[in-house]
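Everything on this sheet refers to the single structure shown next.
Being a predicted model, the structure only gives us computed values, none of them experimental. Both counts, for ligands and for their atoms, begin at 1 and track the order of listing. Values below: all heavy atoms of this structure, side chains included; hydrogens, waters and symmetry mates excluded.
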Amino acid sequence: MSLKVGYRYLRMAATSTKVLKCDSASIVFDSVSEQPTITSPDTLASLQIAARHLHDLQPVAFPTETVYGLGALALNSTAASRIFTTKGRPSDNPLIVHVSSFKMLRSIIPSNFTLPATYQILMRHFWPGALTLLFPSDPNVIPPIITANHSTVAIRMPSHPVARALIAITDAPLAAPSANSSGKPSPTRAEHVLRDHDGRLGIILDGGPCDVGVESTVVDGLQSDGNIRVLRPGGVTVEDISRVLRRELDGAECIPQVLVHRRDYADQELEQAPTTPGMKYRHYSPSVPVTLLFTRSPTPVGEQSYSASEYLATLSFKSDLSRPIKVGLLTPTDSVLGTFTLPNGIEWHRFFLGPVSNPAVTAQKLFDGLLTLEEEKVDLILIEEIEEFKEGLAVMNRVRKAAGEFKYLTF
Ligand code: TXA
Ligand code: MG
C-alpha cells in the first residue's frame with residue numbers, strides 16, 4: 001500500500017469491488033409503459049442491489065451500448081460529486097444525464113420548452129441510442145454540478161437493456177460519464193473498469209462487451225439558426241443524422257445543416273470551454289505513448305514523410321532497453337499497414353480493428369485495443385489512420401486526441 005495521501009489511496013483500503021453479471025437478453029422494455037420486464041432472477045437481483053447502492057449516494061459502473069458509464073443519481077449533488085472524485089474529473093467538465101423514458105425526460109426539462117422539430121425527428125430515430133442532445137437546464141431541477149453551471153444539460157436515453165433497466169428500477173435519472181479515470185481510454189468491458197477502479201468502486205454491473213465501442217454523438221440543436229451542431233462525433237453517424245433529417249423534412253422550407261465542430265465550423269469561445277467535448281482536457285491516452293500513422297492522407301506541406309519500412313525499423317534503435325522494444329500496432333485487418341511485413345528486432349503486438357470497409361467494427365474495437373496493448377505492457381502503441389467517414393469520424397476524433405505524435409508514411 002502506498003503512503004501517498006490522496007483520495008485514491010485512502011479509498012482503496014475501504015472498498016471491495018463486486019462485479020455483478022447481468023443478462024441483457026432477459027430484459028425487455030414495453031414500448032407503451034416504458035418499463036422493463038426482467039425474467040432472470042439473478043439479473044433482477046443485481047439491478048436491485050445496484051439501485052440501492054445508487055440511492056445510498058454511491059456510484060455504480062454499468063454497461064451502455066457505447067461504453068461503460070460511471071453512474072450516480074443526477075438530481076443529487078452529493079451523489080454526483082462522487083463521480084468527479086472517483087474519476088478524478090475536473091469539476092468544470094459537465095456530465096451527461098441518462099433517462100430510461102420520455103416521461104423521465106419530460107420531468108427534468110423545463111415544462112415551457114417546446115421540442116424543436118429536429119429533436120423530435122432525431123429522438124424518434126435514434127432514441128434509445130447513442131445520441132446525446134442538449135436541452136435548456138433548470139438549475140432548480142438539475143444541480144449545477146452536473147452542468148458545470150452552464151445553461152444547457154446534455155441528456156440521452158441509452159438503448160443497452162442493462163443501462164435502461166438500471167435507470168428504470170432506480171426510478172431516477174443517472175448522471176454518467178465514461179467509467180475510465182479521467183484522461184484514459186473509455187472502458188468497453190467490465191474488466192477494463194475493474195482494472196481501473198478495483199477497490200475504489202462498490203459495484204460494477206457486467207453486461208459483456210459494448211456494441212458501439214465509442215461514446216455517444218453530442219448534438220446541439222438549440223441555436224437560433226436551427227442547424228444541428230455536432231460537438232462530439234460518436235456512435236450515431238453524421239451521415240445517418242443528415243439522411244434522416246433530409247428524408248423527414250423533405251419539402252420543408254428550410255432543411256437544417258448538420259455541422260461538425262472543427263470540420264465545418266470553428267468557435268473560438270467554444271474551443272476554450274470544457275463543454276466542448278474533449279477540447280480542454282487530455283483524452284483517451286493509455287499510460288503508453290501513442291503515435292498516429294498517416295498511411296492514406298497526403299503529407300501536408302511542411303511535414304516530413306518517412307518510408308514505412310525505414311520508419312518501423314528505426315523503432316528498434318529508439319529504445320535504451322536491454323531487451324527488444326515491444327510495439328503495439330492497431331490497424332485494420334486488410335489495410336496497407338495491416339498487411340505489411342513488419343521488420344525484425346521488435347516484439348510486435350498486433351491488434352486488428354476489422355476490415356477497412358467497416359468502420360463500425362473499428363469503433364467497437366478501438367478502446368479495447370488500446371487497453372489490451374497497455375495491459376500487455378508494450379513500450380509504444382502505433383495506430384494507423386482510417387478514413388473519416390461514418391464511424392471513422394468518431395474513431396479518428398478519439399485517435400487524434402490519444403496520440404502524442406503524428407507520422408506520415410509512404411509505401
Ligand atoms: O456514450 C456516452 O456518451 C458515455 C456513456 C456512459 O453514456 N458517456 C460519456 O460521458 O461519454 P463523458 O462525460 O465521458 O463525455 C460527455 C461529454 C463531455 O465531453 C462533456 O464536455 C460533454 O459531453 N457535455 C456534457 N454536458 C454538456 C453540455 N451541457 N454542453 C456541451 N457539452 C456537454
Ligand atoms: Mg469520457
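Ligand 1 places these atoms under 4.0 Å from at least one heavy atom of Ser178: 8 (N), 9 (C), 10 (O), 12 (P), 14 (O). Of all atoms in ligand 1, numbered sequentially from 1 with element shown, those under 4.0 Å from a heavy atom of Thr152 are 28 (C), 29 (N), 30 (N). Heavy-atom contacts of Asn93 reach the following atoms of ligand 1: 18 (C), 20 (C), 21 (O) (cutoff under 4.0 Å). Below 4.0 Å from some heavy atom of Ala176 lie the following atoms of ligand 1, by number and element: 6 (C), 8 (N), 10 (O).
In this pair, Phe294 and Tyr408 present their aromatic rings parallel. The plane angle is below 30°, not in the 30 to 60° band. By the 30° and 60° cut-offs, the orientation of the rings of Tyr311 relative to Tyr306 is tilted.
No side-chain donor from either of Thr188 and Asp368 sits under 3.5 Å from a side-chain acceptor of the other. Checked by atom type, the side-chain pair Arg52/Thr170 shows no donor-acceptor distance below 3.5 Å.
No side-chain heavy atom of Ser137 sits under 4.5 Å from any side-chain heavy atom of His150. In this structure, the side chains of Ile49 and Leu20 come closer than 4.5 Å at one or more pairs of heavy atoms. Under the 4.5 Å side-chain criterion, counting only non-hydrogen atoms from C-beta, Glu385 is in contact with Leu292.
Not one N, O or S atom of Ser182 sits under 2.8 Å from the Mg ion (ligand 2).
Contacts between His160 and ligand 1, counted as non-hydrogen atom pairs separated by less than 4.0 Å, are absent for every part of the residue. At a heavy-atom cutoff of 4.0 Å, ligand 1 is contacted by both the backbone and the side chain of Glu215.
Taking each of Val218, Thr64, Val219 in turn, the one with a heavy atom nearest to atom 23 (O) of ligand 1 proves to be Val218. Here the shortest heavy-atom distance to atom 2 (C) of ligand 1, taken over Gly234, Ser151, Ser216, belongs to Ser216.
Below 3.5 Å of separation, one finds an N or O of Thr66 facing an N or O of ligand 1. Residue Thr132 places no N or O, backbone or side chain, under 3.5 Å from any N or O of ligand 1.
Not one N or O on the side chain of Thr132 forms a donor-acceptor pair closer than 3.5 Å with the backbone of Ser216.
Under a 4.0 Å heavy-atom criterion, Leu231 is in contact with ligand 1.
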